[in-house]
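Numbering of ligands and ligand atoms starts at 1, following listing order. Only a predicted model underlies this, so the values are computations on that prediction, with no experimental measurement involved.
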Amino acid sequence: MESNSRWLLFPILISLTFSGLVLHHGALAETVKPDEAKQLRDEVRGMFYHAFDGYMNNAFPLDELRPLSCQGEDTLGGYALTLIDSLDTLALLGDRERFTSSVLWIGKNLQFNINKTVSVFETTIRVLGGLLSAHLIASDYATGMRIPSYNNELLFLAEDLTRRMLPAFDTPTGIPFGSVNLMYGVDKHESKITSTAGGGTLSLEFGVLSRLTNDPVFEQVAKNAVRGLWARRSNLDLVGAHINVFTGEWTQKDAGIGTSIDSFYEYLLKAYILFGDEEYLYIFQEAYRSAMQHLHKDPWYVEVNMDSAAIVWPVFNSLQAFWPGLQVLAGDVDPAIRTHTAFFSVWKRYGFTPEGFNLATLSVQYGQKSYPLRPELIESTYWLYKATRDPRYLDAGRDFVASLQYGAKCPCGYCHITDVELHKQEDHMESFFLAETVKYLWLLFDLAVDSDNLVDNGPYKYIFSTEGHLLPLTPQISLAREHCSYLGGYCSSNSTKREQEVLEEESNNDDRSNIYPYHESFPVTGLIKGLCPGLTHAQKYGLSYALPEKTDREDVNQAKPVTTSSSVVLISNTVEKKPQVDEEGYSSQSEPIMIISGGSSRNDQTSQELTLLESETDDRRLYSS
Ligand code: DMJ
């Protein structure tokens with residue numbers, strides 16, 4: 001009864017009491033200036049190496065580091081997980097030496113023919129995503145990190161790994177089992193209950209793999225899983241947290257944007273952006289509209305019963321903090337700013353975000369006191385800074401660095417915090433600390449300095465996987481079949497033949513370089529809209545696609561393919577843009593961010609129109625509150 005009455009007071013409480021918290025957040029030290037941003041960027045680089053070297057010296061080839069005791073532990077499958085998860089961060093930092101030696105070591109030593117039962121979700125986002133992103137960097141001149149002796153080893157590993165996970169998808173609903181044995185398939189005693197995030201966060205990695213191997217099966221199964229989940233949404237267009245993959249019944253009907261569901265939303269939008277597959281966009285729009293209608297208690301988000309929308313958990317959980325970043329990508333920046341401010345006020349209060357913070361009692365949720373080095377709030381900070389150039393996000397970044405350095409740094413790496421009130425350290429470092437947390441922090445400050453990095457000034461636009469892995473919008477991935485019929489483009493049979501000739505030359509006739517020949521007749525299943533004939537993505541959205549004039553190998557570094565439209569830019573311009581510096585010395589690249597407008601569900605807009613946001617200096621004023 002007492003707790004019920006608290007919940008009734010909940011809207012008043014959050015508006016009253018958090019204005020206090022936000023005020024507290026307002027009392028900041030001096031704003032981060034460009035010189036300090038550079039120092040902070042270098043400090044973050046140092047943080048990466050403290051943890052990476054700590055892992056390599058004390059834990060490798062085990063999965064993860066125990067940074068207090070300076071030992072290692074196998075936590076996922078026993079295959080150097082932290083190294084795989086760190087590969088594209090090494091490339092982003094421009095560490096050619098370590099990137100090269102790590103890729104080559106993995107290509108030579110890793111194998112998945114092992115009797116281990118692993119999480120399909122974790123294996124996909126950490127291992128498959130890590131392998132694919134590193135492959136795409138190591139195999140491409142345009143990234144500036146191509147490894148001459150690299151011969152697609154990581155792609156072979158990625159395909160082998162994913163084939164071993166396919167038995168998990170053999171369910172009546174298409175939603176995969178949560179775990180699979182890499183040698184024997186699904187154990188007969190395996191639980192039939194899985195989370196929505198677990199079943200619905202596979203489409204990016206599986207889709208990229210399909211497009212790199214020309215085998216549509218991976219993309220199909222991942223999409224069927226999303227369909228299996230979405231088909232079971234409630235009348236309110238909400239999904240629950242846990243579902244039985246055989247019966248399709250929800251076993252946990254709490255709907256939310258955090259724990260157990262979070263990246264389901266994320267992959268709907270990102271799969272559309274990466275693959276141009278409208279079905280994902282339609283689902284995202286409905287799902288997002290409903291989330292904003294039923295879960296959003298501005299600026300917070302709550303968990304509700306998926307059928308009735310009654311609040312069941314007035315709790316902020318730290319996984320929700322990716323949401324403002326996703327909103328930036330969707331073009332719904334204003335609510336993102338408010339929510340980020342609210343979430344950051346929790347960080348300011350404790351120095352970290354606890355896993356759960358109760359919005360009714362305004363205290364750490366019982367049993368959810370830890371901060372396991374999660375990236376989500378930092379990720380959203382990066383996106384909001386990218387969209388607005390508001391220096392307050394750099395100030396937030398400085399706070400993140402200070403907390404991690406003073407509270408979480410330990411002898412061989414960074415430690416989980418078991419209790420955000422006591423700042424007690426625990427002997428564990430999740431691999432995502434190097435894949436995401438440090439990556440987004442470094443990107444945040446690099447954006448303020450010169451943006452001269454692969455993501456912000458590289459040859460392609462990149463989508464970040466939910467594990468922070470870089471998935472580029474290359475023609476092969478993003479335009480798949482379309483570009484073959486459009487303007488006779490990049491992947492015509494001629495250019496494919498040419499690519500193969502180059503590969504053949506380089507591999508001394510090693511047969512493996514031809515293992516993925518281009519199929520003129522890409523199998524069209526009818527299950528995957530993005531691959532169906534008919535109107536092309538380009539035709540639908542008015543994209544124009546131009547080839548670089550020179551495609552000689554030595555010119556590829558300079559020749560950046562251009563894909564532009566009045567509405568969306570997929571691939572960066574060939575012209576190197578010098579960072580512009582405003583009156584306060586902040587660099588501004590006018591870097592386009594893909595925005596889907598009409599995402600704001602508050603006024604029920606469902607426009608699919610794509611618009612381009614130029615994040616110029618002025619935007620800072622525009623979005624500053
Ligand atoms: C990461 O593995 C991914 O970001 C995932 O989507 C959520 N959990 C962790 C980070 O907190």
> For ligand 1, is any non-hydrogen atom under 4.0 Å from Glu430's backbone (N, CA, C, O), its side chain (CB onward), both, or neither?
Replying inline: neither
>> Under 4.0 Å, heavy-atom basis, I'd like to know which part of Thr201 is in contact with ligand 1: side chain, backbone, both or neither.
In response: neither
Which atoms from ligand 1 have a heavy atom of [X] less than 4.0 Å away?
X	result
Leu319	7 (C), 8 (N), 11 (O)
Glu467	1 (C), 2 (O), 3 (C)
Thr466	3 (C), 4 (O), 5 (C), 6 (O)

> Looking at ligand 1, does any of its N/O atoms fall within less than 3.5 Å of an N/O of Glu436?
Replying inline: yes
> Less than 6.0 Å separating the ring centroids of Phe357 and Trp347?
Replying inline: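 No.
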>> Please tell me whether Tyr371 and Tyr350 form a close aromatic pair, meaning their ring centres lie under 6.0 Å apart.
In response: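 Centroid separation for Tyr371 and Tyr350: 6.0 Å or greater.
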>> Suppose we measure from atom 8 (N) of ligand 1 to each protein heavy atom; which comes out shortest, and what is that distance?
In response: Arg374 NH1, 3.6 Å
>> For atom 10 (C) of ligand 1, what is the closest protein heavy atom, and at what distance to 0.1 Å?
In response: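 Checked against all protein heavy atoms, atom 10 (C) of ligand 1 sits closest to Glu376 OE2, 3.2 Å.
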>> Ring-plane angle category for His340 and Phe344, please: parallel below 30°, perpendicular beyond 60°, tilted otherwise.
In response: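 His340 and Phe344: parallel rings.
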>> Tell me whether Thr123 contacts the main-chain N or O of Val118 through its side chain, where contact means a donor paired with an acceptor under 3.5 Å.
In response: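 Here the side-chain-to-backbone pair does not exist.
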> Hey, does the side chain of Arg211 reach the backbone of Ile477 with a donor-acceptor pair shorter than 3.5 angstrom?
Replying inline: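 Answer holds: yes.
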>> Does this structure show an ion pair linking Lys439 with Asp85, if we count only N-O contacts that are shorter than 4.0 Å?
In response: no
